[in-house]
Enquirer: 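Just dropping this structure here.
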Amino acid sequence: MTNSNSSFFKWFFFIVLSLIWGSSFILMKRGLDCYTPPQVAAIRMVVSFLFLFPFVIGHFKKIPANKWGIILVAGLLGNGIPAFLFTKAETGLSSSIAGILNSLTTVFALLVGVLFFKMKTTPLKVVGVFIGLAGAILTVLYNAKGGIESNYYYGIYIIIACICYAFNVNIIKSHLGPINSVQLSGFALFGVGPLTAAYLFSTDFVQRISSGSHAVVSFLYVVVLGVFGTGVSQILFNKLLKTSSVLFTSSITYCLPVVAILWGLLDGESLGWYQVVGFAAVIGGVFLINKRAA
């Protein structure tokens, strides 16, 4: 593949992932109309597992025995745990704010990379980390009317999810590079899909989905979330991560919150000036983290 083709596909994957993941927050919100936060997360994981399973069945022998443990950990950190954290967070925060805070993935990708994976950093990147974190605090601390947000602590769930994502991207880049992207995405869900299915059917999920057309529509939103927001996106993400740097891949967070904000505004959400300034600070911090040295 020529450099121009490689560059084209990198940016193509980048844009598509930004659109898919930026739309995930409104899809979670619609799922929460009829289902509990853990149920929405479980439906998402089960659907994505079932979607990817046909692509990996029969390929078990292609995975080295010493990689299975790492793959299952990647499934938990990159999919399972964040799915439950984000749905919980959206019971107290708008989908727009959730999308903005997701930008912290780049900040934590650098911190985790430096602390645990021998990634090199610069003073400028360190400044970017502090600016990004300050912007995140400003975003969740104030509501759209400029007052103190009473549910600001829900942002902690997203911060933990971003830390999980940060470990995941560094683990994939450091230990799982040679594995096919489709197989990596599918097998990563083997430790998540069956467990979440067992949980889902131990709840009142069947009664809820049988309650009427509104519940069915809400379920279909989560199905779309599972197929595209996890299944398709994980394949594209792993492919992008193999052909570019950790920081370039995680900098999808430049565009992702813009998509999330647009969906939120269309859904009647609003942003205050404090939140806009916080968003700008987060993106500014991410920019500094990704800025190459002269």
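Atom set for the values below is all heavy atoms of this structure, side chains included, hydrogens, waters and symmetry mates excluded.
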Enquirer: Would you say the ring centroid of F237 lies under 6.0 angstrom from that of F13?
Expert: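 Ring centres of F13 and F237 not closer than 6.0 Å.
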Enquirer: Between S95 and G264 (side chain of the first, backbone of the second, donor and acceptor by atom type, cut-off under 3.5 Å), is there such a pair?
Expert: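 Answer holds: no.
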Enquirer: For R208 and T203, indicate whether the former's side chain and the latter's backbone hold a donor-acceptor pair under 3.5 Å.
Expert: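 The answer is no, because no donor-acceptor pair under 3.5 Å joins these two groups.
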Enquirer: Taking all non-hydrogen atoms of both residues, which atom of A215 and which atom of C34 are closest, and how far apart?
Expert: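 Scanning both residues, the minimum pair turns out to be CA-SG, 3.7 Å.
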Enquirer: Verify the distance criterion only: is there a donor paired with an acceptor across the side chains of S23 and W263 at less than 3.5 Å?
Expert: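 A donor-acceptor contact under 3.5 Å links the two side chains.
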Enquirer: So, for P257 and I283, which heavy atoms are closest and what is the spacing to 0.1 Å?
Expert: CG-CD1, 4.1 Å
Enquirer: Are any side-chain N or O atoms of K67 and backbone N or O atoms of H175, one a donor and one an acceptor, separated by less than 3.5 Å?
Expert: yes
Enquirer: Keeping to residues at least two apart or across chains, list the side-chain hydrogen bond (donor to acceptor under 3.5 Å, both in side chains) pairs with something in residues 182-194.
Expert: S185-N238
Enquirer: For atom CZ of F130, decide whether the heavy atoms of other residues, nucleotides or ligands shown that lie under 6.0 angstrom number more than 12.
Expert: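 No, because the 6.0 Å sphere around CZ of F130 holds 12 heavy atoms or fewer from other groups.
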Enquirer: What residues, two or more places apart in sequence or in another chain, satisfy side-chain contact (heavy atoms from CB on, under 4.5 Å) together with F219?
Expert: Y35, I43, F205, I209, V223
Enquirer: Would you confirm whether S210, through its side chain, and Q207, through its main-chain N or O, come within 3.5 Å as a donor-acceptor pair?
Expert: no
Enquirer: Does a salt bridge link E269 with K29, judged by any charged N lying under 4.0 Å from a carboxylate O?
Expert: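 The answer is yes: the pair qualifies as a salt bridge.
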Enquirer: Provide the closest heavy-atom pair for L189 versus P194 in the form atom of the first, atom of the second, distance.
Expert: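 Taking L189 first and P194 second, the nearest heavy atoms are O-CD, 4.0 Å.
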Enquirer: Do V140 and I97 come within less than 4.5 Å of each other through their side chains, counting heavy atoms only?
Expert: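 SC-SC contact between V140 and I97 confirmed.
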Enquirer: Aromatic rings Y274 and Y142: how do their planes relate, parallel, tilted or perpendicular, breaks at 30° and 60°?
Expert: parallel
Enquirer: Is there side-chain contact between M119 and N170, with heavy atoms separated by less than 4.5 Å?
Expert: yes
Enquirer: Considering non-hydrogen atoms only, spot the tightest contact between A166 and V112 and give its length.
Expert: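 For A166 versus V112, the nearest heavy atoms are CB-CG2, 3.8 Å.
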Enquirer: For V129, check side-chain contact (heavy atoms from CB on, under 4.5 Å) against everything at least two apart and list the hits.
Expert: V107, L110, L111, L133, I289
Enquirer: Sequence neighbours left out, what passes side-chain contact (heavy atoms from CB on, under 4.5 Å) with V217? Give chain and number order.
Expert: Y221
Enquirer: Mind listing the closest non-hydrogen atom pair of I81 and C164 along with its distance?
Expert: CG2-SG, 3.8 Å
Enquirer: Taking G272's backbone N and O only, do any of them form a donor-acceptor pair with Q275's side chain (distance below 3.5 Å, no angle check)?
Expert: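 Side chain of Q275 to backbone of G272, a donor-acceptor pair under 3.5 Å: yes, one is there.
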Enquirer: Does W21 use its side chain to pair, donor to acceptor, with the backbone of G229 at less than 3.5 Å?
Expert: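 Here the side-chain-to-backbone pair exists.
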Enquirer: I need the minimum non-hydrogen distance between V222 and G31, along with the two atoms involved.
Expert: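 Here V222 and G31 meet closest at CG2-CA, 3.6 Å.
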Enquirer: Is V192 close to L76 at the side-chain level, that is, under 4.5 Å between some pair of heavy atoms?
Expert: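 Yes; the side chains approach each other to less than 4.5 Å.
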Enquirer: How long is the gap from CD1 on I63 to CD1 on I70, to the nearest 0.5 Å?
Expert: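 CD1 of I70 is found 11.5 Å from CD1 of I63.
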Enquirer: Using the rule given for ring pair (Phe, Tyr, Trp, His ring centres under 6.0 Å), can you reason through F167 versus F108, listing the C-alpha separation, both sets of side-chain angles and the distance that settles it, and then say yes or no?
Expert: CA-CA 8 Å; F167 272 100; F108 289 114; 9.8 Å; no
Enquirer: Could you give all pairs that pass the side-chain hydrogen bond (donor to acceptor under 3.5 Å, both in side chains) test and reach residues 150-169, with sequence neighbours left out?
Expert: none
Enquirer: Can you get from V40 to I160 by hopping between Ile, Leu, Val, Met, Phe, Trp and Tyr side chains that sit under 4.5 Å apart?
Expert: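 Per the 4.5 Å side-chain linkage, V40 and I160 are co-clustered.
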Enquirer: Not counting sequence neighbours, which residues clear side-chain contact (heavy atoms from CB on, under 4.5 Å) with P38? List them please.
Expert: T36, F84, Y199
Enquirer: Transitively linked via ILVMFWY side-chain contacts under 4.5 Å: L195 with F53?
Expert: no
Enquirer: Is there a donor-acceptor contact under 3.5 Å from the side chain of S174 to the main chain of I171?
Expert: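 Between the backbone of I171 and the side chain of S174 there is no qualifying donor-acceptor contact (under 3.5 Å).
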Enquirer: How many angstroms lie between atom CZ of F187 and atom CG of N180, to the nearest 0.5 angstrom?
Expert: 9.5 Å
Enquirer: Side chains of L271 and S96: closer than 4.5 Å at any heavy-atom pair?
Expert: yes
